[in-house]
Amino acid sequence: MAEVCRTALVTGGNRGIGYAVATLLHARGHRVIVAARNGAEARTAAERLGGGARGATVDVTDPDAVAKLRAAVGAVDILVNNAGVQLDWGEQPTGVDLALVDRTLEVNLLGAWRMAQTFVPDMVRGAWGRVVNISSGTASFALGLPGACPAYSVSKASLNALTVLLARETEGTGVLVNAINPGLVRSRMRPDAEQSPQQAAEHIVRAATLPDDGPSGVFLRRDALIGW
């Protein structure tokens, strides 16, 4: 059976994992909105994808910018909360600059929360939606929180908590909300990682296009469920 064409919004979609996810969603026939703080880069990325893709400017930390994005693009079916920062590698909880912590939480947690508040109600009204929050193994209590990036770990652990709460709120509505740990991916954050963005995107897109009987409120590592 052919896949139903959906409208997908990918934050931080102008490069790295986000662009790889946008590329794969587009290749599968979905209408893709590539959203990024740098609108010119987002539009260039969308042009590379071709017909059915569009670029959009958004700073997920800015409520007005998110509201303008919703007014410009309308309702979406798939939301991939990929925009994120990692600013405190090598720091310890007692020494990290709390300004870095504040910025990390503003992007990684509140940015995704703001996007969900803006776009999930449309999904509920339409009785279908998929939300994928890009998390991290550094957020897993089951694996053990590392001490080397406290702000990042706390922000992603909080994003996991948000995932569970959103899944609980949308239970039975046709909306599935999950977090995924893509593993170490070669990117501006981790240029030394072995896994390519394209490899990680395969698993993220599967989470973004789950069948109606798929899981919600779970933490995925590739295609397997892992502990919070």
Side-chain angles (χ1 to χ4, degrees), residues 3-4 6 8-13 16-25 27-28 30 32 60 76-86 107-109 111-113 115-116 119-120 123 128-146 149 152-187 189-190 193-228:
E3 191 166 333
V4 175
R6 305 287 186 182
L9 171 59
V10 183
T11 64
I17 297 174
Y19 182 68
V21 169
T23 300
L24 187 53
L25 285 167
R28 291 177 61 162
H30 298 293
V32 177
V60 298
V76 304
D77 305 300
I78 297 168
L79 171 63
V80 180
N81 279 317
N82 170 70
V85 294
Q86 209 282 61
V107 177
N108 295 357
L109 172 62
W113 202 331
M115 293 294 291
F119 289 98
V120 168
M123 297 179 185
W128 198 96
R130 302 290 182 266
V131 179
V132 181
N133 292 323
I134 306 301
S135 186
S136 168
T138 66
S140 172
F141 287 92
L143 297 175
L145 301 181
C149 50
Y152 185 75
S153 294
V154 167
S155 73
K156 293 297 187 178
S158 299
L159 181 63
N160 287 353
L162 175 64
T163 301
V164 173
L165 294 173
L166 289 171
R168 186 176 299 162
E169 180 182 350
T170 58
E171 185 176 3
T173 67
V175 178
L176 305 179
V177 185
N178 294 296
I180 188 165
N181 164 24
L184 292 179
V185 180
R186 195 158 55 249
S187 65
M189 286 186 192
R190 294 302 300 264
E194 292 185 6
Q195 184 182 202
S196 71
Q198 292 74 24
Q199 289 170 313
E202 292 279 351
H203 306 291
I204 296 168
V205 168
R206 277 199 282 274
T209 55
L210 285 169
D212 292 342
D213 61 352
S216 188
V218 302
F219 195 12
L220 298 164
R221 173 69 169 90
R222 296 194 169 95
D223 299 318
L225 271 63
I226 59 174
W228 296 109

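Numbers for residues simply follow the sequence, beginning at 1. Note: hydrogens, waters and symmetry copies are ignored here, and every other heavy atom, side chains too, is used.
Considering only residues two or more places apart in sequence or on other chains, Asp212 meets the salt bridge (charged side-chain N to carboxylate O under 4.0 Å, His left out) condition with Arg130. Judged as a side chain to side chain donor-acceptor pair (under 3.5 Å), and not counting sequence neighbours, Thr11 has no contacts. Every residue meeting the side-chain contact (heavy atoms from CB on, under 4.5 Å) condition with Val154, not counting sequence neighbours, appears here in chain and number order: Leu105, Ser158. Partners of Arg28 by side-chain contact (heavy atoms from CB on, under 4.5 Å), not counting sequence neighbours, listed by chain and number: Glu3, Leu24, His30, Val205, Thr209. In terms of the side-chain contact (heavy atoms from CB on, under 4.5 Å) criterion, residue partners of Ala139 (sequence neighbours excluded) are, by chain and number, Ser135, Lys156, Ala157, Asn160. In this view, Ser140 and Ala142, Leu143, Phe219 satisfy the side-chain contact (heavy atoms from CB on, under 4.5 Å) rule, not counting sequence neighbours.
Residues Tyr152 and Val85 come closest through the heavy atom pair CD1-O, 3.3 Å. Considering every non-hydrogen atom in both Leu159 and Ala112, the closest pair reads CD1-CB, 3.6 Å. Listed here is the closest heavy atom pair of Asn108 and Ser155: ND2-OG, 3.0 Å.
For residues 163-173, the set of pairs meeting the side-chain hydrogen bond (donor to acceptor under 3.5 Å, both in side chains) definition, not counting sequence neighbours, comprises Asn133-Thr163. Evaluation of the salt bridge (Lys or Arg N to Asp or Glu O under 4.0 Å) test over residues 217-228, restricted to residues two or more places apart or in two chains, returns Arg206-Asp223.
Using a 4.5 Å heavy-atom cutoff, the side chains of Ile204 and Val80 are in contact. Ile134 places none of its side-chain heavy atoms less than 4.5 Å from the side chain of Asn81.
For CH2 of Trp128, the number of neighbouring non-hydrogen atoms (other residues, nucleotides, ligands) closer than 6.0 Å is greater than 12.
Annotation: the span from Asn82 atom CG to Met115 atom CE amounts to 11.0 Å, rounded to 0.5 Å.
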Donor-acceptor contacts under 3.5 Å from residues 174-183 side chains, at least two apart:
unit_1: Asn178; atom_1: OD1; unit_2: Gly217; atom_2: N; d: 3.0
unit_1: Asn178; atom_1: OD1; unit_2: Val218; atom_2: N; d: 3.0
unit_1: Asn178; atom_1: ND2; unit_2: Pro215; atom_2: O; d: 2.9
unit_1: Asn181; atom_1: OD1; unit_2: Gly137; atom_2: N; d: 3.2
unit_1: Asn181; atom_1: OD1; unit_2: Gly183; atom_2: N; d: 2.9

Could you walk me through whether Leu220 and Ile226 pass the side chain to side chain contact (heavy atoms under 4.5 Å, CB included) check? CA-CA 6 Å; Leu220 298 164; Ile226 59 174; over 6 Å; no
Decide side chain to side chain contact (heavy atoms under 4.5 Å, CB included) for Val164 and Trp228; before the verdict, give the C-alpha distance in whole Å, the side-chain angles of both, and the deciding distance to 0.1 Å. CA-CA 10 Å; Val164 173; Trp228 296 109; 3.6 Å; yes
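Between the side chain of Gln199 and the backbone N or O of Ser196, at least one donor-acceptor pair lies under 3.5 Å.
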